[in-house]
Amino acid sequence: MKLSDRVLGMQESPVRKLVPIATAEKKKGKKVYHLNIGQPDIETPKVFMDAINNYDTSVIKYSFSQGEPILIDAIIDYYKRDGMSFEEDNILITNGGSEALTFTTIATCNPGDEILIPEPFYTNYNGFTSAVNVNLVPITTKAEDGFHLPKEEDIVKLITPKTKAILFSNPGNPTGTILTKVEMDMIKRIAIEHDLFIISDEVYRKMAFDGLKSYSMGELDGIDDRLIIIDSVSKRFSACGARIGAIISKNKSFTQNVLKLCQARLCVATLEQIGAAALYNMPSGYADEIKDIYEERRNIVYNTLKEIPGVVCEKPQGAFYVVAKLPVENAEDFCVWLLKDYDLNGETVMLAPAEGFYSTKGLGKDEVRIAYVLETEEMKKAMHILRKALETYQK
Ligand SMILES: Cc1ncc(COP(=O)(O)O)c(C=O)c1O
């Protein structure tokens with residue numbers, strides 16, 4: 001018996017593939033600082049569990065396929081507070097942003113179709129698309145340009161009759177780059193001119209540093225029929241395990257058809273939706289508190305990286321990641337060595353090799369993605385270990 005080419009062709013997650021090595025080393029007593037995965041250590045706001053504990057029911061029933069009305073209303077209010085207006089039938093609750101992206105790909109593309117995507121990109125976009133035989137076409141961005149988009153004509157050149165959409169995460173994972181208003185207008189122009197869907201992954205929205213604002217594509221006029229926003233409580237509210245996300249779009253034909261996919265998987269977990277509604281209902285000051293915490297961590301990571309000879313990186317503007325070029329030939333070998341063969345007083349760090357965040361062969365080979373998801377003292381220790389490890393490795 002042979003498994004499908006589809007599943008055999010999928011790449012392993014570069015974020016998780018070194019986990020077995022880390023687990024083995026931890027069993028031997030080594031402490032591993034996890035900077036490989038976007039799992040924040042920040043407490044999930046108490047309102048999440050309070051809402052679940054206060055939910056009065058004797059049977060945990062199936063929820064509606066579209067989602068719990070209380071959560072849909074909370075999302076509508078949340079966007080209203082940011083100056084955007086959506087209605088109930090514009091919103092579909094999903095199992096995290098991940099399912100939102102999978103359903104969006106299935107609903108917008110046929111097998112063989114293409115989606116434009118700035119690279120480096122969130123590595124699981126590979127999985128969501130290759131599982132349904134959709135091809136990602138990279139728009140290569142460079143560290144020296146702060147991972148901002150190239151010129152309009154360079155993007156337009158990549159469009160073929162098979163191109164159906166442009167997908168991007170803003171703020172960016174893994175780059176931490178925030179699209180400027182000019183870039184957002186360019187995306188809008190290209191999408192209208194070439195009749196493309198805009199899939200705007202905004203799971204890190206509001207995590208913007210240095211006084212920058214990360215706009216939502218929902219704030220732009222004239223793209224209601226083609227805009228699909230991907231949302232999630234995972235990062236913004238530090239609730240990754242809740243698995244609550246959303247598809248937000250004013251294109252009625254799109255949402256009505258995605259609802260069929262929602263119906264096929266019945267519903268999203270009822271209790272977590274109740275908790276998530278309380279998260280979206282929190283006062284907006286929460287977002288500022290979280291942003292300040294990550295900004296402090298960003299400064300620790302960036303300032304240390306700048307001091308290490310041979311390391312090249314741009315200051316990330318948002319989210320909680322940075323891509324750094326290291327003075328090594330092969331970053332994956334270095335990451336494995338860090339786990340297996342290195343420790344500083346019994347401690348080491350785990351990073352994500354960045355090659356898997358690119359689809360152009362050969363790019364990212366000497367780069368890693370660092371997720372600054374630990375509290376400041378731990379972050380300082382982890383970065384000290386990385387600095388010492390690089391010195392040893394180069395010897
Ligand atoms: C850019 C981006 N989009 C979507 C997701 C999926 O998040 P979730 O399924 O937890 O909502 C992630 C997770 O790391 C991400 O970084």
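Read the numbers this way: they start at 1 and go in the same order the structure lists the ligands and their atoms. Every heavy atom of this structure was used, including side-chain atoms; hydrogens, water molecules and symmetry mates were not.
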*Is the NZ or CZ atom of Lys164 positioned over Phe197's six-membered ring, under 6.0 angstrom from the centre and within 45° of the axis?*
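No, a cation-pi geometry is absent between Lys164 and Phe197.
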
Should you measure from each heavy atom of [X], which atoms of ligand 1 turn up under 4.0 Å away?
| X | value |
| --- | --- |
| Ser234 | 8 (P), 10 (O), 11 (O) |
| Arg243 | 8 (P), 9 (O), 10 (O) |
| Asp201 | 1 (C), 2 (C), 3 (N), 4 (C) |
| Gly96 | 9 (O), 11 (O) |
| Asn173 | 1 (C), 15 (C), 16 (O) |
| Gly97 | 8 (P), 9 (O), 11 (O) |
| Lys235 | 13 (C), 14 (O) |
| Ser232 | 8 (P), 11 (O) |

Discussion item. I need the nearest protein heavy-atom contact for atom 5 (C) of ligand 1: residue, atom name and distance, please.
Written reply: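 Minimum-distance protein heavy atom for atom 5 (C) of ligand 1 reads Tyr122 CE2, 3.5 Å.
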
- Looking only at protein heavy atoms, which one is nearest to atom 7 (O) of ligand 1, and how far off is it?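 Going by distance alone, atom 7 (O) of ligand 1 is nearest to Ser98 OG, 4.1 Å.
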
| message | Under a 3.5 Å threshold, yes or no: a donor from one side chain and an acceptor from the other, between Glu314 and Tyr302? | response |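 The criterion, which ignores hydrogens and geometry beyond distance, is not satisfied for Tyr302 and Glu314.
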
Using a distance-only test with no angle check, is there a side-chain donor-acceptor pair under 3.5 angstrom linking Glu114 and Thr160?
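The answer is yes; a qualifying pair exists.
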
For [Y], is there an ion pair with [X] - N to carboxylate O distance below 4.0 angstrom?
| X | Y | result |
| --- | --- | --- |
| Asp82 | Lys206 | yes |
| Asp154 | Lys157 | yes |
| Arg226 | Asp195 | yes |

- request: Between Ser169 and ligand 1, find which residue part has any heavy-atom pair under 4.0 Å and reply side chain, backbone, both or neither.
  value: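 Side chain only.
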
Could you tell me whether Glu99 approaches ligand 1 through its side chain, its backbone, both or neither, with non-hydrogen atoms closer than 4.0 Å?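 For Glu99, no heavy atom sits under 4.0 Å from ligand 1.
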
| task | Classify the angle between the aromatic ring planes of Phe320 and Tyr204 as parallel (below 30°), tilted (30 to 60°) or perpendicular (above 60°). | result |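 Plane angle over 60°, so perpendicular.
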
Mind running ring-ring contact (aromatic ring centres under 6.0 Å, His included) on Phe334 and Tyr393 for me, showing each step along the way? CA-CA 8 Å; Phe334 174 66; Tyr393 194 72; 4.9 Å; yes

